Amino acid sequence: MKSRISLIAFFLLLSVGAKAQLSQIKVRMDHPDSLVIASHRAAHEVYPENSLKSIQEAIRLGVDIIEIDVRVSADGVPFLLHDATVNRTAVFARGPLETMTSEQIRKVKLKNTDGSESDQFIPTLKEALELAKGKVYVDLDLKTEKVQYLVPIVKELAMEDQVFFFDSDWEVLDEVRRLLPEAQLMPRAYSLDDVLKAEKKFQPSMIHIDPSFYNGKTMKSCQKFGMKAWINSLGDSDRRLSANPDQKFAAELVDPGARMVQTDLVPFWVEYRGTVNGQ
């Protein structure tokens, strides 16, 4: 009996800890000057991208947001996959995910980062969100227009305030908003003019911008409208930091004003977040 009570107490402590973690993230998300860090395809430098283990690892490392890619099977089940086909990330399977049934997809094993066979399978969106619930924000990178299959899962899990939807196709975001009026949206902008149009159309609290127009004028507009700007450290920036993890290089990326950074170098940026935010 004592063992059973101890076990219950352990899980209650875990639940309290998870809620505390999410509460701290929410403070950073809501504060306009606070830096937040998003892990690209979860912690895929360690575990297979978009896998449950990579999500667990990103949460353990202390990210604010996990970015995951969503596609829909032929029979209407959302799964996590970046590419149109499973060819690059699967061990043996080949072909477009969206022509496969959910039963077929559930059997697809993913490769480890070194190309060997992992113990991970392509997860469903529901499995991923259940794992993240109460622990971390989730950025759904929409690789599908079939959002009618995604929204009910977010609603079923009561994660409307923890999930946001990203797309460069604003018509897809329109459909998300139609199905879920309270949905948090992050449109992609390709110019300052896009930023102004996005504010008028969606009134988003966050917006994805590109280096081509990442400057003081753009940041001033984002701040005026209460939008946190999302910038990528992927590619050249992450490679530079990987070769020389000097925080002054990170400062070059965030000093103009972006306060949401997506990265593959999760431990470095989580540490840098503490330096910038003073915590």
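In this text, all values refer to a predicted model and were calculated from it rather than measured experimentally. Residue numbers run from 1 in the order of the sequence given.
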*Asks:* Out of curiosity, does Y149 fall in the hydrophobic cluster containing L125 (side-chain heavy atoms, cut-off under 4.5 Å, transitive links)?
*Replies:* yes

*Asks:* Tell me whether Q104 contacts the main-chain N or O of T101 through its side chain, where contact means a donor paired with an acceptor under 3.5 Å.
*Replies:* yes

*Asks:* Examine distances only and state if a side-chain atom of R28 and a backbone atom of V36 form a donor-acceptor pair shorter than 3.5 Å.
*Replies:* no

*Asks:* For the backbone of P181 and the side chain of E160, can you confirm whether one donor and one acceptor N or O come within less than 3.5 Å of each other?
*Replies:* no

*Asks:* Would L173 and F202 satisfy side chain to side chain contact (heavy atoms under 4.5 Å, CB included), going step by step from the backbone distance to the final call?
*Replies:* CA-CA 9 Å; L173 296 182; F202 298 117; 3.9 Å; yes

*Asks:* Is the shortest distance from a Lys or Arg side-chain nitrogen in E57 or R60 to a carboxylate oxygen in the other one below 4.0 Å?
*Replies:* yes

*Asks:* Taking L97 as the starting point, is it possible to reach V91 by hopping between hydrophobic residues whose side chains are less than 4.5 Å apart?
*Replies:* no

*Asks:* Heavy-atom count check: over 12 atoms from other residues, nucleotides or ligands less than 6.0 Å from Q247 CD?
*Replies:* yes

*Asks:* Indicate the atoms forming the closest heavy-atom contact of R88 with K111, along with that distance.
*Replies:* O-NZ, 3.3 Å

*Asks:* Taking all atoms of both residues into account, what is the closest heavy-atom pair of V136 and D64, and its distance?
*Replies:* CG2-O, 3.2 Å

*Asks:* Is there a side-chain contact between L150 and T144 in this structure, where contact means two heavy atoms from C-beta onward sitting under 4.5 Å apart?
*Replies:* yes

*Asks:* Would you give the length of the straight line joining atom OG of S205 to atom CG of L185, rounded to the nearest 0.5 angstrom?
*Replies:* 9.0 Å

*Asks:* Can you measure from CG (L81) to CE (M100) and round to the nearest 0.5 angstrom?
*Replies:* 9.5 Å

*Asks:* Shared ILVMFWY cluster between L80 and L110, side chains joined below 4.5 angstrom?
*Replies:* no

*Asks:* Can you give me the closest heavy-atom contact between A42 and S54, atom names plus distance?
*Replies:* CB-OG, 3.2 Å

*Asks:* Would you mind reporting whether Y214 and M219 have side-chain heavy atoms less than 4.5 Å apart?
*Replies:* yes

*Asks:* Under 4.0 Å between a side-chain nitrogen and a carboxylate oxygen: does that hold for K126 and E156?
*Replies:* yes

*Asks:* List the steps and the verdict of side chain to side chain contact (heavy atoms under 4.5 Å, CB included) for L241 and D246.
*Replies:* CA-CA 7 Å; L241 287 166; D246 190 330; 5.8 Å; no

*Asks:* For the atom pair CD (E45) and CG (L61), what is the distance rounded to the nearest 0.5 Å?
*Replies:* 11.5 Å

*Asks:* Strictly by salt bridge (Lys or Arg N to Asp or Glu O under 4.0 Å), give each pair with a member in residues 216-238 just once, sequence neighbours left out.
*Replies:* D236-R239

*Asks:* When the side chains of residues 67-79 are checked against the rest of the protein, which donor-acceptor pairs come out under 3.5 Å, sequence neighbours left out?
*Replies:*
residue : atom : partner : partner atom : Å
E67     : OE1  : R41     : N            : 2.8
D69     : OD2  : N50     : ND2          : 3.2
R71     : NE   : H82     : O            : 3.3
R71     : NE   : D83     : O            : 2.7
R71     : NH1  : K143    : O            : 3.3
R71     : NH2  : H82     : O            : 2.8
S73     : OG   : D75     : N            : 3.4
S73     : OG   : D75     : OD1          : 2.6
S73     : OG   : G76     : N            : 3.4
S73     : OG   : V77     : N            : 2.9
S73     : OG   : V77     : O            : 3.3
D75     : OD1  : S102    : N            : 2.9
D75     : OD2  : S102    : N            : 3.4
D75     : OD2  : S102    : OG           : 2.7

*Asks:* Find the distance between CE (M260) and NE2 (H208) and round it off to the nearest 0.5 Å.
*Replies:* 10.0 Å

*Asks:* Is the shortest heavy-atom distance from the side chain of D210 to the side chain of Y190 under 4.5 Å?
*Replies:* yes

*Asks:* Can you hop from I66 to L52 via hydrophobic side chains spaced under 4.5 Å?
*Replies:* yes

*Asks:* In the structure I gave you, are the side-chain heavy atoms of R94 and T85 within less than 4.5 Å of one another anywhere?
*Replies:* no

*Asks:* Give a yes or no on whether a salt bridge exists between D169 and R188, defined as a side-chain N under 4.0 angstrom from a carboxylate O.
*Replies:* no

*Asks:* Please step through side-chain hydrogen bond (donor to acceptor under 3.5 Å, both in side chains) for the pair S191 and D193, ending with a clear verdict.
*Replies:* CA-CA 5 Å; S191 66; D193 189 48; 5.0 Å; no

*Asks:* Given side chains that start at C-beta, do those of S34 and V27 come closer than 4.5 Å, heavy atoms only?
*Replies:* no

*Asks:* Within this structure, what is the CD1-OG1 distance for the pair I122 and T89, rounded to the nearest 0.5 Å?
*Replies:* 5.5 Å

*Asks:* Is it the case that over 12 heavy atoms from other parts of the model lie below 6.0 angstrom from the CD atom of E103?
*Replies:* no

*Asks:* Could you point out which residue of L131, V46, D119 forms a side-chain contact (heavy atoms from CB on, under 4.5 Å) with K53?
*Replies:* D119

*Asks:* Apply side chain to side chain contact (heavy atoms under 4.5 Å, CB included) to residues L265 and S242 and explain how you reach the verdict.
*Replies:* CA-CA 7 Å; L265 296 178; S242 181; 4.1 Å; yes

*Asks:* Just wondering, do I65 and I37 contact through their side chains at under 4.5 Å, heavy atoms?
*Replies:* no

*Asks:* Please state whether the rings of Y272 and F268 are parallel, tilted or perpendicular, taking 30° and 60° as the class boundaries.
*Replies:* parallel

*Asks:* Under 4.5 Å between side-chain heavy atoms, hopping through other hydrophobics if needed: is there a path connecting I153 to I55?
*Replies:* yes

*Asks:* Any idea which heavy atoms bring M186 and F164 closest together, and the distance?
*Replies:* CE-CE1, 3.9 Å

*Asks:* Show your reasoning for whether salt bridge (charged side-chain N to carboxylate O under 4.0 Å, His left out) applies to K146 and E175.
*Replies:* CA-CA 9 Å; K146 301 174 183 177; E175 180 63 8; over 6 Å; no

*Asks:* Which heavy atom in Q148 sits nearest to a heavy atom in P152, and how many Å separate them?
*Replies:* O-CD, 3.0 Å

*Asks:* Is it the case that the ring center of W230 lies less than 6.0 angstrom away from the ring center of F166?
*Replies:* no

*Asks:* Could you please spell out the steps behind the side chain to side chain contact (heavy atoms under 4.5 Å, CB included) verdict for V176 and D167?
*Replies:* CA-CA 10 Å; V176 172; D167 208 313; over 6 Å; no

*Asks:* Looking at K133 and L157, would you say the former's side chain and the latter's main chain have a donor-acceptor pair under 3.5 Å?
*Replies:* yes

*Asks:* Between R273 and V270, is any pair of side-chain heavy atoms under 4.5 Å apart?
*Replies:* yes

*Asks:* Kindly say whether P267 contributes a backbone atom to a donor-acceptor pair with the side chain of E271 at under 3.5 angstrom?
*Replies:* no

*Asks:* What is the distance from atom NE2 of H31 to atom CG of N277, rounded to the nearest 0.5 Å?
*Replies:* 9.0 Å

*Asks:* How far apart are the closest heavy atoms of S233 and W269, and which atoms are they?
*Replies:* OG-NE1, 3.4 Å

*Asks:* Taking the side chain as C-beta and beyond, is there a heavy-atom pair between Q184 and F165 under 4.5 Å?
*Replies:* no

*Asks:* Give a yes or no on whether a salt bridge exists between D174 and R178, defined as a side-chain N under 4.0 angstrom from a carboxylate O.
*Replies:* no

